[in-house]
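Each chain gets a letter, A, B and so on, in the order its sequence line appears, and its residues count up from 1. Since this is a predicted model, take the numbers as computed values, not measurements.
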Amino acid sequence: MLVQILDADYVMLENKPLLRIYGKTEKGDSACVFYSGFMPYFYVDEVPEWLKKDPQVFSIEPVERVYPMFYRTDKMKLFKVTIHDPSRTPELRDKVIEGGGTAYEADILFKYRFMADAGIGSLMWLDIKGASSANTSTVRTKTKFEVKGINIMDKVANSDFRSLALDIECVAENQGEVPTAERDPIIMISLVFSEEYNGKKEMVISYRPGSNVQSYNDENGMLKGLIDIINDFDPDFIVGYNINNFDLPYIIERMQRLKIPAMFTRATDKSAWTKKLAMGYRNNVLGRIIADPFALIKKDFSFKRYSLENVASELLGEHKEDVKYSEMEKLWKGDQKGYDRLVSYCLTDARLAMRLFGEFNLLDKYIGISRICCLFLQDVLDGGETQRIEHYLMREFNRNGYIFPLKPSQEEMAERDNQRKVGLKGGFVLDPEPGMHENVAVMDFKSMYPSLIRTYNICPTTLVGPDGPKFTEDEISKSPEGGSFVKPEIRKGIVPYILENLMNERANVKKRLKKATKDGNAAEVRELNTKQLGIKIMANAFYGHMGYPRARIYNMDVANAITSWGRQTIQKTKDIIEKDYGYKVIYGDTDSVMVELDKVFDNKKIAEVGNKISEEITKNLPGIMELEFEKIFKRFLPLAKKRYAAWAFIPKGGGEWVEKIDMKGIETVRRDWCDLSSETLRNVIDIILKENDRERAVQYFQNIAKSLGEGNIPMDKLVVTKTLTKRPESYPGVQPHAEVAKKMTQRNPADAPSVGDRISYVIVKGTQLLSYRAEDPEYVTEKGLHLDSIYYMENQLLPPVERIFEALNVTKSELMGKGKQMNLFSMMGKQASKKAKPEIPVADIIGFSCEECGRPYRRPTLTGYCECGGKILFSSAKGNADVVKNPS
DNA sequence: GAGGTCCGGGG
DNA sequence: GTGTACGGACCTC
């Protein structure tokens with residue numbers, strides 16, 4: 001029988017661990033295979049007397065292993081300690097360490113210890129020889145098997161996975177608070193199935209009857225009903241928007257509170273669990289995978305906001321039902337029509353989560369990584385890069401006779417942190433040549449760091465150590481700033497070996513991908529693309545790992561060797577291009593060089609030159625290092641290191657080009673900018689790059705400024721929105737959105753914003769501090785208030801574009817039109833503020849503002865004058881102002 | 001530019 | 001479960 005594996009655990013049976021591997025059969029049924037006979041073990045360097053007598057110990061045998069740090073030919077004499085119960089390992093390990101001994105591989109999860117030794121990895125298909133063991137009641141999978149033998153199959157296509165999307169609703173006891181599981185019940189749960197369940201694709205369960213609602217007596221009954229439905233439908237994926245940090249912990253905590261065992265895992269003897277960590281929750285449902293579109297989309301898409309409403313409208317063009325938190329209780333307790341709305345709201349959220357999950361292949365990348373690093377999908381989703389790399393490394397090191405060290409202790413990490421501050425240098429970043437450049441060929445090194453590792457055989461196991469064997473110059477490669485490494489003839493390093501395999505495998509997969517694409521085999525294209533992506537991500541992670549203070553095999557000399565060879569490579573490349581070819585390298589960062597080709601204006605010609613230079617340079621590069629022509633910057637405007645805008649043309653093959661605007665380090669979307677800021681910035685960049693007409697760009701900007709001054713910009717382009725994260729009165733400083741919330745509460749207590757609500761605001765004219773002049777846009781419309789165009793000019797419009805214009809030598813005053821017939825401020829009209837100025841008690845002074853234009857300042861300017869020429873005055877909370885007598 | 005702080009999604 | 005434990009945007013020095 002073939003099983004694709006998703007998860008594993010173990011239980012103790014007659015003082016021996018029994019492994020349970022969960023997966024799917026070819027038919028798409030859930031399956032569990034039982035494996036007994038594998039025992040937990042770890043290594044120690046010496047065997048204390050107490051350990052020999054410990055009843056946990058099954059056997060102790062001497063072994064020889066190679067320590068993975070520094071080139072060495074000697075083997076360590078160690079002892080392999082095999083015990084009965086995996087869960088007892090930590091205490092034995094800690095006791096050994098306390099006694100002054102050293103332990104190895106004593107912090108590897110039992111399931112992963114087994115898989116590593118058996119050569120099994122996540123999502124592999126296993127051919128199971130054995131006997132069906134349907135009589136076991138400890139798991140609830142459709143198929144159960146006792147293993148006699150396992151064969152690893154070559155099959156890559158995934159089984160048919162089954163998903164369940166869910167969304168819960170709950171109402172807080174006190175209006176305006178976020179509900180908590182300790183106190184507030186779940187009132188309703190919507191469920192959306194990836195395939196029909198009892199003839200339905202979706203359902204809503206609750207304990208208030210309604211049309212299309214499956215009703216229970218109470219919350220208790222509803223939650224038990226939920227457990228039954230999950231087990232009955234038996235999903236592989238449990239999906240929900242922010243399910244990781246809200247729905248699932250809430251459900252589990254609620255069940256704990258109501259003394260309902262959370263028995264919806266694939267084992268009958270283990271409940272689902274949730275644990276609160278520093279920042280959020282960690283959840284586990286054994287045998288199933290929890291997938292949160294919120295978490296996944298946040299990593300792979302760039303949006304200003306990641307609310308379900310926002311994401312669904314961006315990605316699906318769909319919207320949530322319009323229900324405010326403040327009306328939920330009313331709907332839950334009110335008439336049937338309102339209740340129906342609540343039901344529909346709940347259902348929509350689960351539907352949207354399911355669509356996002358399914359239509360955007362959100363898991364593909366993680367499936368690819370999981371396949372390569374061998375960790376289960378859930379661990380890849382929840383864990384970081386370190387775990388992936390280390391698991392992979394341990395398997396490879398073990399296979400080659402190396403022992404793998406424990407995770408570093410707190411003290412060790414602190415020590416490394418100090419070391420690192422002194423030592424680790426990064427990539428080489430050239431100072432960009434200022435000003436606009438045209439016809440730039442962009443070349444970069446193909447997988448620079450992995451290639452350097454392979455070229456120079458960089459690895460902890462090839463690093464020449466202080467006490468190890470000595471070598472002649474010919475036998476080693478000496479890095480510019482870092483360690484020396486023995487050449488592959490003496491020993492090939494494990495990391496270079498791993499990278500060689502990964503890179504060859506990826507080339508192979510890409511070849512097959514090309515063919516599958518040509519054949520139009522969509523399923524295979526997806527599989528192969530997933531795989532090459534997984535390999536790429538893994539291969540690029542090795543470099544960073546070795547310079548990471550929390551890594552098990554960390555070494556500064558290794559990390560520094562890689563970056564210093566990188567810097568040397570890029571520097572030499574720059575020199576050759578400038579000396580031998582006579583072109584100017586105007587910018588470069590880590591693995592790329594940008595070369596300005598004078599008097600070459602045709603894309604085809606630029607590509608020819610770029611390709612020629614790359615090829616010729618590559619011929620003289622050591623090892624497998626390869627420079628390649630990547631794209632053209634028709635125009636390139638650097639602002640600073642790591643910040644630029646460019647009009648790029650990327651070769652698509654067959655003489656075709658993809659055109660786009662490349663931006664690095666320039667934020668066009670920021671939470672505290674209104675739409676007008678982003679829009680103006682984008683358009684200014686567009687005009688500058690595509691038309692190369694700075695006059696027109698300035699003019700465009702001035703036109704926007706003029707419309708702003710004349711009040712012709714629609715208000716929705718000037719709105720800034722922020723979330724109220726606490727009660728408005730508990731904000732330490734004055735913040736615009738909190739002030740607006742206070743005003744809204746005062747005006748209409750029934751419609752007071754509550755914690756978690758999004759508050760939109762605009763800034764109106766006046767002399768008070770900015771935050772006090774923040775207003776609800778609806779109120780502004782209603783009362784016909786005027787917006788503060790000076791504020792928008794100075795704080796929203798100018799800052800983003802200023803740096804762009806600066807790079808083109810357009811000064812701020814030129815931009816503002818100063819010195820010309822009419823400056824922008826006069827164009828926009830001055831803000832009158834010369835009114836009576838009573839004395840202000842010092843305690844009331846909260847800031848400063850300009851006498852002429854009313855612009856607020858947190859402290860007076862050095863000159864005591866505003867940019868518009870007006871004097872800076874004190875301003876009080878009440879909006880009065882007085883002349884600053886001594887602005888120092 | 002480095003170092004510290006805030007905050008997210010969900011109801 | 002032989003486990004942990006963010007990351008980007010923003011602000012100040």
Side-chain angles (χ1 to χ4, degrees), chain A residues 8-11 17 40-42 81 83 85-94 103 105-114 167-173 175-181 184-188 240-250 270 273 275-282 284 286 292-295 297-299 302 304-311 320 323-329 332 342 345-346 349 353 375 379 382-384 386-387 390-391 406-407 421 550 640-642 667 669-673 722-726 731-733 735 754-758 858:
Chain A
D9 76 335
Y10 73 91
V11 283
Y41 67 88
F42 57 96
V81 181
I83 64 174
D85 183 351
S87 73
R88 304 294 296 278
T89 313
E91 56 181 275
L92 295 176
R93 171 193 69 205
D94 292 345
E105 299 181 21
D107 53 359
I108 312 298
L109 257 32
F110 184 60
K111 62 184 176 191
Y112 285 132
R113 174 83 277 166
F114 163 71
D167 179 53
I168 66 168
E169 304 302 329
C170 28
V171 178
E173 192 176 276
Q175 157 96 56
E177 286 179 32
V178 181
T180 76
D184 307 308
I186 299 171
I187 56 174
M188 155 186 314
Y241 206 78
N242 202 23
I243 195 174
N244 283 342
N245 285 303
F246 187 75
D247 302 68
L248 202 56
Y250 205 108
K270 282 194 184 163
W273 54 260
K275 213 187 316 185
K276 181 130 181 65
L277 301 173
M279 46 127 196
Y281 288 88
R282 173 66 54 89
N284 196 275
L286 179 62
D292 185 342
F294 166 61
I297 287 168
K298 217 166 33 158
K299 283 184 203 156
S302 174
K304 196 162 169 181
R305 288 186 43 77
Y306 294 88
S307 58
L308 181 55
E309 165 60 31
N310 202 52
V311 168
K320 275 168 73 96
V323 171
K324 287 199 199 120
Y325 296 141
S326 50
E327 55 180 335
M328 294 230 328
E329 190 174 5
W332 168 238
L342 186 62
Y345 169 83
C346 185
D349 280 10
L375 292 180
D379 292 330
D382 295 343
T386 310
Q387 286 161 68
E390 292 199 328
H391 187 66
L406 294 179
K407 266 173 290 194
K421 267 181 212 127
R550 300 164 77 147
K641 281 182 178 183
K642 296 196 181 275
E667 308 112 303
V669 279
R670 265 174 59 162
R671 277 164 198 261
D672 55 348
W673 282 351
K722 280 190 179 148
T723 305
L724 201 61
T725 55
K726 46 190 140 201
Y731 276 85
Q735 292 198 22
S754 46
V755 176
D757 275 356
R758 311 252 314 132
R858 299 188 62 178

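A side-chain donor-acceptor contact under 3.5 Å links A/Asp292 to the backbone of A/Asn244.
With distances taken from any side-chain atom of A/Thr89 to the nucleotides C/dG1, B/dG10, C/dT2, the minimum falls on C/dT2. Comparing B/dG8, C/dG1, C/dT2 against the side chain of A/Lys298 picks out B/dG8 as the nearest. In this structure, of C/dG1, B/dG10, B/dG9, it is B/dG9 that holds the atom nearest to the side chain of A/Tyr306. Distances from the side chain of A/Tyr10 to the nucleotides C/dT2, B/dG10, C/dG1 place C/dT2 closest. When the nucleotides C/dG1, C/dT2, B/dG9 are ranked by their closest atom to the side chain of A/Phe110, C/dT2 comes out on top.
Classification of A/Lys407 and A/Glu390 as a salt-bridged pair fails, no side-chain N sitting under 4.0 Å from a carboxylate O.
A search for side chain to side chain contact (heavy atoms under 4.5 Å, CB included) contacts involving A/Ile297 returns A/Pro293, A/Phe301, A/Phe303, A/Tyr306, A/Val311, A/Leu315, A/Leu356, A/Leu362, not counting sequence neighbours. A search for side chain to side chain donor-acceptor pair (under 3.5 Å) contacts involving A/Asp9 returns A/Arg20, A/Tyr22, A/Lys270, not counting sequence neighbours. Judged as a side chain to side chain contact (heavy atoms under 4.5 Å, CB included), and not counting sequence neighbours, the contacts of A/Arg550 are A/Met413, A/Tyr548. Residues meeting the salt bridge (charged side-chain N to carboxylate O under 4.0 Å, His left out) test with A/Lys298, sequence neighbours left out: none. For the side chain to side chain contact (heavy atoms under 4.5 Å, CB included) test, residues two or more places apart in sequence or in another chain that qualify with A/Asp382 are A/Arg282, A/Gln378.
At whole-Å resolution of the value, CG in A/Asn242 and P in B/dC7 are 17 Å apart. One atom, NZ of A/Lys111, and another, C1' of C/dG1, lie 8 Å apart when rounded to the nearest Å. As rounded to whole Å, 14 Å separates atom P of C/dT2 from atom NE2 of A/His391. One can place CG of A/Asn310 at 12 Å from C1' of B/dG9, the figure rounded to the nearest angstrom. Atom pair A/Phe246:CZ and B/dG10:P shows a separation of 10 Å (rounding to whole Å applied). One atom, CZ of A/Arg88, and another, P of C/dG1, lie 19 Å apart when rounded to the nearest Å. When the C1' atom of B/dG9 is taken as reference, atom CG of A/Leu308 falls 10 Å away, rounded to whole Å. The CZ-P distance, from A/Phe294 to B/dG8, rounds to 10 Å in whole Å.
Counting any heavy atom pair closer than 4.0 Å across all strands shown, A/Phe114 reaches no nucleic acid atom. Here A/Ala106 lies in heavy-atom contact (under 4.0 Å) with a base. Among the protein residues, A/Pro179 comes within range of the nucleic acid bases, having at least one heavy atom under 4.0 Å from a base atom. Within 4.0 Å of A/Lys320, counting heavy atoms only, lie sugar-phosphate atoms of the nucleic acid but no base atom. Within 4.0 Å (heavy atoms only), A/Tyr241 reaches sugar-phosphate atoms of the nucleic acid but no base atom. A/Ile243 comes within 4.0 angstrom of nothing in the nucleic acid, heavy atoms only. A/Asp167 comes within contact range of the sugar-phosphate backbone alone, with a heavy-atom separation under 4.0 Å but no base atom that close. Contacts of A/Asp247 with the nucleic acid, taken as non-hydrogen atoms under 4.0 Å apart, are absent. At the heavy-atom level, A/Leu92 lies nowhere under 4.0 Å from the strands shown.
Dashed line: the shortest gap from a side-chain N or O of A/Arg305 to OP1 or OP2 of B/dG9 is under 4.0 Å.
Atom name P, nucleotides C/dA5 and C/dG1: the rounded distance is 12 Å, in whole Å. A gap of 25 Å separates the C1' atoms of C/dC6 and C/dT2, to the nearest Å.
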Dump every N/O contact between nucleotides 4-7 of chain C and the protein below 3.5 Å, one line per pair.
from: C/dT4; atom 1: OP1; to: A/Lys407; atom 2: NZ; distance (Å): 2.7
from: C/dT4; atom 1: O5'; to: A/Lys407; atom 2: NZ; distance (Å): 3.4
from: C/dA5; atom 1: OP1; to: A/Gln387; atom 2: NE2; distance (Å): 2.8
from: C/dA5; atom 1: OP2; to: A/Gln387; atom 2: NE2; distance (Å): 3.3

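Distance check: A/Arg93 CZ to A/Glu105 CD gives 13.0 Å after rounding to the nearest 0.5 Å.
When the shell of 6.0 Å around NZ of A/Lys324 is examined, it contains 12 or fewer heavy atoms from other residues, nucleotides or ligands.
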